[in-house]
Amino acid sequence: MLDMKYLRNNFAEVKGKLTHRGEDLSELDHFEELDSKRRELIVQTEELKAKRNEATKQISALKREKKDAEPAIKEMREVGDQISVLDRELNEIEEHLQQIMLSIPNIPHESVPVGEDEDDNIEIRNWGEKPAFNFEEQAHWDIASKLDILDFERAAKVTGSRFVFYKGLGARLERALINFMMELHADQHGYVEMLPPTIVNRASMTGTGQLPKFEEDAFKLEGWDYFMVPTAEVPVTNYHRDEILAGENLPIKYVAFSSSFRSEAGSAGRDTRGLIRQHQFNKVELVHFVKPEDSYETLEILTGHAERVLQLLNLPYRVMSMCTGDLGFTAAKKYDIEVWMPSQDKYREISSCSNFEAFQARRAGIRFRREANGKPEYVHTLNGSGLALGRTVAAILENYQQADGSVIVPEALRPYMCGKEVIK
RNA sequence: GGAGAAGUACCCAAGCCCGGUUGAAGGGGAUGCACUCGAAAUGCAUUAGGGCGGGUAACCGUCGCGUGGGUUCAAAUCCCACCUUCUCCGCCA
């Protein structure tokens, strides 16, 4: 959510900056009218309420002195009616205004490249050497099915398409990656470890920006106003919802492991095979709460923490700066880290690191005080995958595949795999 | 799932039956001042934060006793719904 006062005072400028995002801004046009109507009504009702409060004191004094209060009561009856009419109107307007505010995307940071879609994203850097194979490289689903470590067919029977069983050393590999990543971030990067709920309520989904606009992307529990989390970002960011944090405790950094659930509405036919696009996948997520002046430096650090995972696994990747048209709804700036997938001859997203500035903090009411008696200010929130587990498994299988169909275990993972050096 | 109890300011807690003088007694804590060489103890004082609106500003208004509605001239106090916590029973990993 944007700062309403800022939007009021800089309407044309904000609107200009939002046009590059390629989102529907038709709602925005009602803002100015509703906003001024709202303030008008507030002045009116508050005047009447002040009058009523004054009269109430007098009525109670009259009653105490056993004098006739009937005329005053009669008059206030009318005032009361006026108040309730105006209040009702005010409520409607505030609801509409709130709905508009919740549907306006974040303002892109000035350093974000202007562009329409993913073709306009800019490569910031790349790392590692793409493997050279002297045999025909295979897709990870083929490698995995020959090794019997992933089972998509039975998952389709048990649940449906876009689900998977990890099996044997496949399951072991995924679990090794979870432990490897969690320990790296907790022990070496200084994050506090979390295992959050994987079901959250509507307020949480609204707080981080998944709702109200993207409800069809989420799995909702029938009969409940609960949702399966699409990312641990939701529970972990909302962990501090409606709180005022002590400035001296910032920055706060959490690393959370959770399963993530996405309906992938509108993605039918894309990445139908393999681990790239599942309804359920595991992810290690990094979440920061920082002072506003620190958030852009933090975005670089956070991205570096995610990159560190790929470096230790020796997987080639590049870092892309998302252009205005590919930023997503909530981010002011976003880097995607893309890992090399040999069978596709392409880089594929494996982490997404975003600075939301105060966009989520305003929705979720997350503030801090610089000093004990200072005014509360909104924190800036950031998060990034560190990393998506399924895609990491896919990248390992493809980049570490051997001519005989076996897969070398990256050295950094061997301590988590009982020293095993190869999956065959 | 069944039965019961409770949610009041930073914390504890009175008020709620019998609506108005409680914008919230009292205590603790915190802060300031006094006493003291200093501390403790003691005494005095302050301590609703926050949202929203108006105003160049000082400041003013409004909302606020779990949340949302309702009744009333007026609600912490009455009515309804919901949420959360606790206790007991049942079930259960």
Side-chain angles (χ1 to χ4, degrees), chain A residues 1-9 11 31-102 195-207 211-212 221 223-227 235 238-249 258-259 358-379:
Chain A
M1 194 158 64
L2 303 182
D3 180 352
M4 218 154 149
K5 283 178 190 157
Y6 186 83
L7 179 61
R8 182 184 302 152
N9 297 328
F11 188 77
F31 173 79
E32 285 184 299
E33 186 197 335
L34 288 168
D35 179 57
S36 65
K37 184 71 184 163
R38 166 173 175 267
R39 283 181 295 152
E40 207 175 285
L41 283 169
I42 285 174
V43 171
Q44 283 179 41
T45 53
E46 290 196 352
E47 255 170 37
L48 288 172
K49 282 175 183 170
K51 189 172 164 188
R52 179 178 67 185
N53 289 344
E54 194 50 46
T56 293
K57 272 185 209 156
Q58 283 165 14
I59 289 170
S60 81
L62 287 173
K63 292 251 180 185
R64 231 173 301 128
E65 294 162 23
K66 308 240 189 283
K67 290 183 184 161
D68 181 21
E70 207 38 53
I73 290 176
K74 218 173 222 172
E75 195 192 335
M76 281 309 108
R77 229 185 297 252
E78 255 168 60
V79 172
D81 288 344
Q82 289 174 40
I83 290 174
S84 70
V85 169
L86 291 175
D87 263 348
R88 230 179 298 267
E89 194 181 343
L90 181 60
N91 275 343
E92 266 172 41
I93 285 175
E94 292 202 316
E95 222 165 273
H96 192 183
L97 213 43
Q98 181 69 3
Q99 180 204 315
I100 290 173
M101 291 310 292
L102 289 176
L195 289 178
T198 42
I199 294 176
V200 295
N201 59 31
R202 179 172 293 272
S204 294
M205 291 287 276
T206 306
L211 296 182
L221 269 64
W224 298 71
D225 211 14
Y226 287 174
F227 299 83
N238 280 282
Y239 182 73
H240 289 301
R241 173 149 51 83
D242 295 322
E243 290 185 16
I244 301 178
L245 308 168
E248 74 229 38
N249 292 337
S258 90
S259 290
F359 189 84
Q360 292 181 326
R362 258 184 235 109
R363 289 173 161 251
I366 309 171
R367 295 176 291 174
F368 77 102
R369 266 188 244 275
R370 281 180 197 278
E371 288 146 33
N373 293 318
K375 271 238 152 224
E377 299 170 52
Y378 286 108
V379 300

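All chains are named by letter (A, B, ...) in the order of the sequence lines, taking the proteins before the strands, and each is independently numbered beginning at 1.
- We find that CZ of A/R202 is positioned 19 Å from P of B/C82, with the value rounded to whole Å.
- Atom C1' of nucleotide B/U21 and atom CD of A/E65 are separated by 11 Å, given to the nearest angstrom.
- A/F368 pairs by the ring-ring contact (aromatic ring centres under 6.0 Å, His included) definition with nothing, not counting sequence neighbours.
- Distance check on atom C1': B/C60 versus B/U8 gives 27 Å, rounded to whole Å.
- Spacing between B/C12 and B/C86 at atom P, rounded to whole Å, works out to 15 Å.
- Judged as a side chain to side chain donor-acceptor pair (under 3.5 Å), and not counting sequence neighbours, the contacts of A/R202 are A/E215, A/D225.
- Between the CG atom of A/N53 and the C1' atom of B/G61 there is a distance of 10 Å, rounded to whole Å.
- Comparing B/A76 with B/G66, their C1' atoms are spaced 12 Å from each other, to the whole Å.
- Straight-line distance between the P atoms of B/C91 and B/G1: roughly 15 Å, to the nearest whole Å.
- A/Y378 is linked by a ring-ring contact (aromatic ring centres under 6.0 Å, His included) to nothing, counting only residues two or more places apart in sequence or in another chain.
- In this structure, CD of A/E243 is placed 14 Å from P of B/C10, rounded to the nearest angstrom.
- Of the C1' atoms belonging to B/G15 and B/U77, the separation is 8 Å, rounded to the nearest Å.
- Not a single salt bridge (Lys or Arg N to Asp or Glu O under 4.0 Å) links A/D242 to another residue, sequence neighbours left out.
- Between the P atoms of B/U21 and B/U62, the separation comes to 15 Å (whole Å).
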Which donor-acceptor pairs under 3.5 Å do the side chains of residues 47-54 of chain A make with protein atoms, sequence neighbours left out?
residue	atom	partner	partner atom	Å
A/K49	NZ	A/D87	OD2	3.4
A/N53	ND2	A/K49	O	3.4

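- Residue A/I42 comes nearest to A/T45 through the heavy atom pair O-OG1, 3.1 Å, listed as atom of the first residue, atom of the second, then distance.
- Proximity note for A/A50 (side chain, C-beta onward) versus B/U21, B/G61, B/C63: the nearest is B/G61.
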- [ ] At under 4.0 Å between heavy atoms, which parts of nucleotides 46-58 of chain B does protein reach? Answer with one letter per nucleotide, 5' to 3': B base, S sugar-phosphate only, - none.
- [x] ---SSSBSS----
Would you be so kind as to tabulate the donor-acceptor pairs closer than 3.5 Å made by side chains of residues 73-80 of chain A, with sequence neighbours excluded?
none

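- Partners of A/D68 by salt bridge (Lys or Arg N to Asp or Glu O under 4.0 Å), not counting sequence neighbours: none found.
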When you compare the protein's N or O atoms with those of nucleotides 68-74 of chain B, which come within less than 3.5 Å of each other, and at what distance?
residue	atom	partner	partner atom	Å
B/C73	OP1	A/R77	NH1	2.5
B/C73	O4'	A/I73	O	3.4

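- A/E377 CD to A/R370 CZ: the interatomic distance, rounded to the nearest 0.5 Å, is 4.0 Å.
- Atom P of nucleotide B/C82 and atom CG of A/N201 are separated by 18 Å, given to the nearest angstrom.
- For the residue pair A/R363 and A/G207, the shortest heavy atom distance occurs at CB-O, 3.3 Å.
- With sequence neighbours excluded, the residues forming a salt bridge (Lys or Arg N to Asp or Glu O under 4.0 Å) with A/E40 are A/K37, listed by chain and number.
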Task: Paired and unpaired positions of RNA chain B as dot-bracket, Watson-Crick or G-U wobble under 3.5 Å, | denoting a partner strand - done: ((((((((.[[[..)....(.....]]]((((((.......))))))..(((((....)))))..[[[[[..)....]]]]])))))))....
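- Going from the P atom of B/A75 to that of B/U67 covers 15 Å, rounded to whole Å.
- A/E94 pairs by the salt bridge (Lys or Arg N to Asp or Glu O under 4.0 Å) definition with A/R38, not counting sequence neighbours.
- Rounded to a whole angstrom, the distance from the C1' atom of B/C11 to that of B/G51 is 24 Å.
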